[in-house]
Amino acid sequence: MTRRERERLRRRDFLKGTAVGGIAAAVMPVAHGAEPPPSPTRDGPRNAGPTPPNVESSVRIEGATAASCGSDYMVDVLRSLGIDYFAATPGNTFMGLHESVVNHGMTTSPPLRFLTTMHEEASVAMAHGYAKIEGKPMACAFHATVGLQHASMAIYNAYCDRVPVVMLTGAGIEADKRKSTVEWTHTALDGPGMVRDYTKWDDTPGNLQGFGESAARAWKFAMTPPYGPTLLAVDVPLQEDEIPGGPGNAPPLPRLSSIRPPSADANTVREMARMLVAAEHPLIHVDRCARTPAGLQMTVELAEILAAPVVDSGNRMGFPWRHPLNQSRRFGALRDAADVFLALEPGSPFGLVTEVGAHGELRRALKPDARSITVSSAELYPKGNYQNLQRYAGLVDIAVQADAEATLPFLIEEVKRLLPRGRSKYDARARAFAAAHREDLDAARAAAVYGWDASPISMPRLAMEMYEVMKSEDWSLLSHHYWQSSWSQRLWDAKRHHQYIGGSGADGVGYTSPASLGAALANQKHGRLSVAIVGDGDLMFGPGILWTAAHEQIPILYVVHNNRAYHQEIMQMQVLSNRRQRGVDRAHIGCVITAPDIDYALLARSMGVHGEGPIENPADLGPALRRAVEVVKRGEPALVDVVSQGR
Amino acid sequence: MRRTALLLAVVLALSVGDGLAQSPASGDVERGRKIFVSHGCYQCHGTQGQGSNAGSRLAPDPIPLQALVLLVRQPRARMPPYSPRILSDQDLRDIHAYLTSIPKARPVAEIPLLAAPP
């Protein structure tokens, strides 16, 4: 046994001794590999065997003094990029960065705040939700290999949802500097490789100068439409060792260029404007096109000057929900009538313009003489393995590879220039759509009465009890409305960009609870009421996010849509079981979350979050929500467990 | 949409020639409720048949029994087919009786949260 190994073992014995004293929580090296004794839980691989004698050390023993370490420079770089938060579950391969964030980033200005998560997926999802409100990335960091593996599904969500996230992971480039079996296990020669198919860009910088430049590039690529997650693998000694030549020799902070997203060229803009102005029945479809509040204003302006109906995908706040031109419930009829169809950043252009027959034959969904235009930045950055680009849309007439929000100012200007002086045609069209919108709203209110007093609680009842306690606040809905049959979209009045952020992007379960917390963090400084309706299945993918909410003191109202099932899956199971003529009496197995029923309010309270419920009687829902909102308005998180209908 | 479904249901019902056509609505409400739950109908259609984005509204005022039988045996779209082996004609009579027993909803005007448009 070498001297260094003996020192490490003595250090482990010391830490073992202090662990029961409580102080250890603050000073103990935390590593994914350092587990308690094996226990008979499902978490097999983590607790599979005795702790190896040379467990991963907390830090490299030799190295930097406090004033001259590479990771302090890295923190300065992140701050220079305007990054305010660093979300992470601790891991030894980025412990240098971790230490610098807490002892340098959080104690000097501008602060870079460490957010403690209980799963790497939660770190990415928090950054995902944060970016959709804040409009810029948060940093998040993962342990090499195991941490990145945990993070991967959330990265895929951010990638598919086109959201900027700047991620860091540890790396052990030089083999002779890995000191234990665990350090070898926690090293990959190309760590980012496993998520490269769904990250926009990655790099493994070889020195501090390279880190600065690569971090700036990571930020720049993340923030250039189509937005996406980027990843830096950062060598452990580069983080922990002295800056070569001492602190005065740190490389300069990188300069960040102003980013100009690609817009459509002038000829294309003129052609689009001519078609839209000449159309008798134009139709606009909005998906992830309003990246910013200004983008939302522009979609409204374009629709209003054309008096064109707008159908909203629900993936973002693409168009105000109660705007008279919002015709989201009438897509089929409007598409049948459209002579010009403009889709802004469509997630699936194929699905918008194509119908698939019973035998797989493709039919044009639009009229034969209608023209379709897509404006999409996603087509500027295609990748081949994961199929989130959807099916090839050969029936689109004009596919413009450009950022929709960057194109809108030019398109609006050109449309205005071409518009005839008399507006009677447009005014009549606008009046007709306003009447149709009112009709839809009345129909929604009429339909909401069915099951109003039911238990489990109906979705329209849930939506309207929530709206009653939210509507006088500056509220922000941080979950996709689809899972509650879109009752919030049908009945609420959302008009501002922050009032709705869509969903996960890749439909990876476990997104909503942490992503909404990240978004709530961004809302906090504005005093907004952040609200998320989270599925019971979603919450149980990472219930530790409740602890993060309490620990970081982030105000949010979690409403648990507790249908006691992986509900989408149970419906699919019924379809399959019946198709095979086996009946549905066993279709619940593996899909329901009962026996025992989970007490989510108790779960919340166990982690320091105000908990209400389970609420089964609809008459109890309003008072419980009011109590919870009062807690949230005091700056704390709260949860209301609502035993609910499936959808 | 609902009008179209009703029309289709009536047309389908006229073509039915089995015993159900001659003996409508002789089901057991409580048994029907239990089958509605145990066979998972409520997962898409709601416990009171109120409907959702995964399944259409079934109650109150359900479509005629004969039409219901046809739609269950030969469904359209995502609805799984239920053969007599899985759901007997008597089961469907009972489900129909349960759906028929669901009272009419309160009018919008009597529900304060819905009475005024948002």
Side-chain angles (χ1 to χ4, degrees), chain A residues 321-322 438 441-456 458-461 463-468 471 481-487 490-494 563 565 567-568 570-585 587-588 591-592 622 645-647, chain B residues 1-4 33-62 72-88 91 99 102-118:
Chain A
W321 291 353
R322 293 281 70 80
R438 278 194 301 276
L441 180 58
D442 290 343
R445 290 162 59 219
V449 302
Y450 300 111
W452 185 258
D453 296 314
S455 177
S458 78
M459 292 297 101
R461 181 71 181 260
M464 292 314 289
E465 293 285 359
M466 287 177 64
Y467 194 57
E468 183 64 12
K471 64 185 182 187
H481 55 63
Y482 175 79
W483 305 109
Q484 292 79 44
S485 296
S486 298
W487 281 103
R490 295 179 73 183
L491 291 170
W492 297 5
D493 185 8
N563 53 26
H567 188 257
Q568 174 71 29
I570 203 168
M571 292 191 296
Q572 296 291 345
M573 274 289 286
Q574 288 180 343
V575 169
L576 267 180
S577 300
N578 260 356
R579 188 184 294 163
R580 295 168 181 176
Q581 292 302 302
R582 296 203 246 240
V584 297
D585 55 323
H588 64 282
C591 295
V592 298
Q645 299 277 330
R647 282 194 188 167
Chain B
M1 183 69 155
R2 186 164 166 77
R3 231 175 294 151
T4 312
R33 187 190 66 75
K34 284 181 180 161
I35 296 169
F36 193 76
V37 172
S38 65
H39 278 70
C41 310
Y42 76 98
Q43 298 281 6
C44 300
H45 298 285
T47 56
Q48 298 201 356
Q50 73 269 21
S52 74
N53 62 4
S56 57
R57 182 168 72 78
L58 303 178
D61 301 324
V72 167
R73 302 280 187 241
Q74 298 163 46
R76 296 173 301 161
R78 287 182 295 173
M79 167 90 179
Y82 283 73
S83 70
R85 210 173 113 200
I86 308 300
L87 265 182
S88 69
D91 291 339
L99 295 173
I102 292 172
K104 285 196 188 310
R106 285 188 278 158
V108 171
E110 290 180 16
I111 299 174
L113 293 179
L114 294 171

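Protein chains get the first letters and strands the later ones, always in sequence-line order, with residue 1 at the start of each.
- No side-chain heavy atom of A:Val449 sits less than 4.5 Å from a side-chain heavy atom of B:Glu110.
- Here the side chains of B:Leu113 and A:Tyr467 are not in contact, with every heavy-atom distance at 4.5 Å or above.
- Annotation: side chain of B:Pro117 is not in contact with side chain of A:Asp493 (no heavy-atom distance under 4.5 Å).
- Between chain B and the residues A:Asp585, A:Leu491, A:Asp442, the largest count of heavy-atom pairs under 4.5 Å involves A:Leu491.
- When side chains are defined from C-beta on, B:Pro118 counts as touching A:Arg322, because their heavy atoms get closer than 4.5 Å.
- A donor-acceptor pair is defined here as one N or O able to donate and one able to accept, closer than 3.5 Å; no such pair exists between the side chain of B:Gln48 and the backbone of A:Tyr450.
- For the atom pair A:Arg579 CZ and B:Ser83 OG, the distance stands at 14.0 Å (nearest 0.5 Å).
- With respect to chain A, the highest number of heavy-atom pairs below 4.5 Å among B:Pro107, B:Gly49, B:Pro81 belongs to B:Pro81.
- If you measure heavy-atom distances from B:Ala109 to chain A, you find no contacts under 4.5 Å at all.
- Comparing A:Arg445, A:Met464, A:Gln645, A:Gln581 by how many heavy-atom pairs each has under 4.5 Å with chain B, the most go to A:Arg445.
- Your options are B:Gln50, B:His39, B:His45, and the one with the most heavy-atom pairs under 4.5 Å with chain A is B:Gln50.
- In terms of non-hydrogen atom pairs under 4.5 Å with chain A, the most contact-rich of B:Val108, B:Leu87, B:Leu114, B:Ile102 is B:Leu114.
- The backbone N or O of B:Asn53 sits less than 3.5 Å from a side-chain atom of A:Ser485, completing a donor-acceptor pair.
- Here the side chain of B:Gln43 pairs no donor or acceptor atom with the backbone of A:Gly646 at under 3.5 angstrom.
- Between B:Ser38 and A:Val584, the shortest heavy-atom distance links the atoms O-CG2, 4.3 Å.
- Of the listed residues B:Gly51, B:Ala116, B:Gly55, the one with more heavy-atom pairs under 4.5 angstrom with chain A than any other is B:Ala116.
- Looking at B:Arg85, the atoms closer than 4.5 Å to chain A (heavy atoms on both sides) all sit in the side chain, from C-beta outward.
- Among B:Pro75, B:Ala115, B:Pro112, the residue with the largest count of heavy-atom pairs under 4.5 Å with chain A is B:Ala115.
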